[in-house]
Amino acid sequence: MSAQHPVTLSPTAQPAEAAAHPNQFALLRQRRFAPFFWTQFAGAANDNLFKFAFTVMVTYQLSVSWMPPALAGLVIGALFILPFLLFSATAGQLTDKYEKTRIIRFVKNLEIAIMLVAGAGFVAGSAAILLGCVFLMGLHSTLFGPVKFAYLPQALNERELTGGNGMVEMGTFVAILLGNVAGGLLVALPAIGHTTVAVACLALALLGRLVAQFIPPAPATDPGLTVNWNPVSETWRNLKLAHGNTVVFRSLLGISWMWFFGAVFLSQFPSFAKDVLHGNEQVASLLLVVFSVGIGIGSLLCEVLSRRHVEIGLVPLGAIGMSVFAIDLYFASRALPPSEVLTLAAFAAQPAHWRVMADLLLLSLFAGLYSVPMYALIQMRSQPTHRARIIAANNILNALFMIASAVLAGALLSAGFTVPQIFLFTGIANAVVAFYIFLLVPEYLLRFVAWVLSRCIYRFKVRGDEHIPTEGAAILACNHVSFVDAVLLMAASPRPIYFIMDHRIFRIPVLGALFRLAKAIPVAPQKDDAATYEAAFERAAQVLKDGDLLAIFPEGGITRNGQLQAFKGGIMKIIERAQADGVRAPVVPMALTNLWGSFFSRIEQGGAMVRPFRRGMFNRVGLNVGAPLPAAEVQPALLRERVAGLLQISA
């Protein structure tokens, strides 16, 4: 959309541009995303150009008695992180209270003022002035952090959220890389280096402010909020607010762990390059380049692998890859023979180093797969009225975890650990932490199983998934063809689904445990077990009352001949119970196609799963989703007719 046409982004309604687009890169041609993307890109590049140029200056060019070169990087990093601890809570409140574009433009104006002061500091060679500007740039990033992630859910719909986050994550790491490279090159220019850095920082700030002018308005989500200016009490309140949503809070911990993991590697790159790989400064820069490229690739892959949904099933996949390649990095680097200092060309000429680079690329790629879906989940599951404060809590936790990372790495080095051993320790710790998080939040594990089944065992195609509600209560009614129907429905929905299932399926090894983990609701015929029968309908009513998705297989059991059976009356009882609670949940008809005859169906004479490869590998199966029916219109016969019609659409 051109800049001449006014656009306002509503916190609930999506703009017309939110219609289908070919991929995430198409967002860069749309006003609701492109100006925001380039604004945050310029800010991240400027942060890192400024910090790295200053670090090089005090390390190699200035003699500052009160800040030895060995401590310069630590002091600069600590000063930059400090505002995240002090002011994140306030920044989250301001973002929820005020229109977001107004906040963005204020932050960019602040950046220009800071860069004017920093320019004077570079020209004068004043470390004190520049240290003050490091703190102020940390404040700039603290204010921008909540609005950066709270803006996206207002600008993008659910199908675009993963791709948008992937683009932002990729852009951030590319900007970090370019900023570091530019800072190091510009400050080293003879005679004019300091002045050139000053001009470049101011130019990036001005460019960011110019582009920010084209970001469309994004209305405040809680304009009546009273700001609490006490950072200590508000920080505690934000953490309690985040803790109120279990899945969101534990996802915050998962993201913070990723920053812990990444900080260990980034902080050890100089020592790793010098003492282990025996490379020069160019080799250290190569490590940063490979790491950044890996994060970028992983972030962009998320949209492809998730089929443009918020797919948290990628998180366990990312965690597995992070551990595998962090551990392999230890084995790849521990036995490298001593050598003279290697240039970049000499380093690249040795095949033993290719494995090191591949490990580094892949562990960072999987870190991108791990983090992007978590960010998207937090944005989607947080209440819009306090979404920015949840993100502010995330920034506080990130800062704490990064500080803990530096302390732990220092303690391990002091205890005699080598850098490869630290990588090994981090990889093993990541496996333990990830396993613990997935036990606490089984939804990640369930979605991973569903993702594997729908992409690695079957070729699963979904039609009409726009009819699955992204918010509010709804009943999903589907035909029942195989023992894994519920898992496939999980894979199709961006939200958790609670299933009403025949109590006998819980006795099946593995599948039974999986459905118990998914909190599926067992139901038995009333004549066989009246207590289980009544409990199932009570639990179903509560699911709908809570505004969640409830799935039912109205046939009452898996088909034994591949044909659609008559629908029973249980769904009418569910609708009536919901209406008694004041809930009129729509019913979404669904049809699984081409599953009959597959491994998990009952086609074989001896029962299911007798001949696993009867149809070969990667069977093509499908799910067709129809338009929702109002609860008042639903009758078993009509619903069966709708499902039968969906079955006629080829998979």
Side-chain angles (χ1 to χ4, degrees), residues 21 23-28 33 36-37 40-41 44 145-146 148-153 155-177 247-248 250-263 265 291-323 325 361-382 387 390-391 394-395 397-398 401 430 434 437-438 441 443-444 447-448 450-451 455 491 494-495:
H21 57 82
N23 56 52
Q24 59 208 29
F25 293 101
L27 292 171
L28 290 176
F33 183 80
F36 166 79
F37 175 85
Q40 67 86 29
F41 185 94
K148 173 180 176 180
F149 288 105
Y151 172 86
L152 287 176
L156 307 178
N157 62 28
E158 185 273 330
R159 292 177 65 87
E160 299 168 319
L161 202 52
T162 294
N165 275 282
M167 291 291 290
V168 169
E169 189 86 345
M170 176 275 298
T172 298
F173 275 88
V174 170
I176 290 171
L177 175 62
V247 172
V248 167
R250 288 170 179 167
S251 298
L252 297 182
L253 294 177
I255 288 175
S256 297
W257 171 256
M258 193 277 292
W259 282 102
F260 178 103
F261 180 92
F265 286 87
F291 190 87
S292 300
V293 168
I295 288 280
I297 293 172
S299 300
L300 294 178
L301 278 176
C302 287
E303 184 180 68
V304 176
L305 295 177
S306 67
R307 292 177 180 163
R308 298 182 60 198
H309 278 299
V310 176
E311 180 51 85
I312 60 174
L314 295 177
V315 175
L317 178 66
I320 292 168
M322 288 162 65
S323 284
F325 292 106
L361 177 74
L362 289 169
L363 77 85
S364 57
L365 183 153
F366 280 97
L369 292 179
Y370 175 92
S371 63
V372 168
M374 277 196 175
Y375 275 117
L377 177 75
I378 289 167
Q379 291 163 344
M380 190 173 76
R381 299 280 181 91
S382 298
R387 184 184 286 132
I390 298 294
I391 294 165
N394 179 55
N395 290 340
L397 290 171
N398 289 351
F401 273 65
N430 179 70
I437 289 174
F438 301 146
V441 190
E443 187 181 344
Y444 283 109
R447 297 290 305 204
F448 176 62
W451 185 84
R455 288 160 177 79
R495 297 168 59 196

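Small disclaimer: the values here were computed from a predicted structure and weren't measured.
- With a 4.5 Å cut-off on side-chain heavy atoms, Y151 and V168 do not count as touching.
- Looking only at side-chain heavy atoms (C-beta outward), V293 and F173 stay at 4.5 Å or farther from each other.
- Taking the side chain as every heavy atom from C-beta outward, I255 and Y370 never approach each other to under 4.5 Å.
- Partners of I320 by side chain to side chain contact (heavy atoms under 4.5 Å, CB included), not counting sequence neighbours, listed by chain and number: V324, F448.
- Distance alone, capped at 3.5 Å, places no donor-acceptor pair between the S382 side chain and the R387 backbone.
- Proximity of N394 to S256: side-chain heavy atoms (C-beta onward) are separated by under 4.5 Å at one or more points.
- Relative orientation of the F401 and F260 rings is perpendicular, given thresholds of 30° and 60° on the angle between their planes.
- The residue from F265, W259, W257 that alone fulfils the ring-ring contact (aromatic ring centres under 6.0 Å, His included) condition with F261 is F265.
- Side chain of N430 to main chain of A319: a donor-acceptor pair is present (N/O by atom type, distance under 3.5 Å, no hydrogens or angles).
- To the nearest 0.5 Å, the span separating CZ on F149 from CG on N165 amounts to 6.5 Å.
- In this structure, W451 contributes its side chain and L305 its backbone to a donor-acceptor pair below 3.5 Å.
- Using a 4.5 Å heavy-atom cutoff, the side chains of I297 and L301 are in contact.
- Considering R381, R495, R250 in turn, R381 is the only one that fulfils the salt bridge (charged side-chain N to carboxylate O under 4.0 Å, His left out) rule with E443.
- Atoms CD1 and CG, on I295 and L300 in that order, are 11.5 Å from each other to the nearest 0.5 Å.
- With hydrogens and angles disregarded, a donor-acceptor distance shorter than 3.5 Å links the side chain of E160 to the backbone of N157.
- Note that CE of M380 is 8.0 Å distant from OG1 of T162, once rounded to the nearest 0.5 Å.
- The closest side-chain heavy-atom distance from L27 to L156 is below 4.5 Å.
- Taken to the nearest 0.5 Å, the CE atom of M167 stands 11.0 Å off from the OG1 atom of T172.
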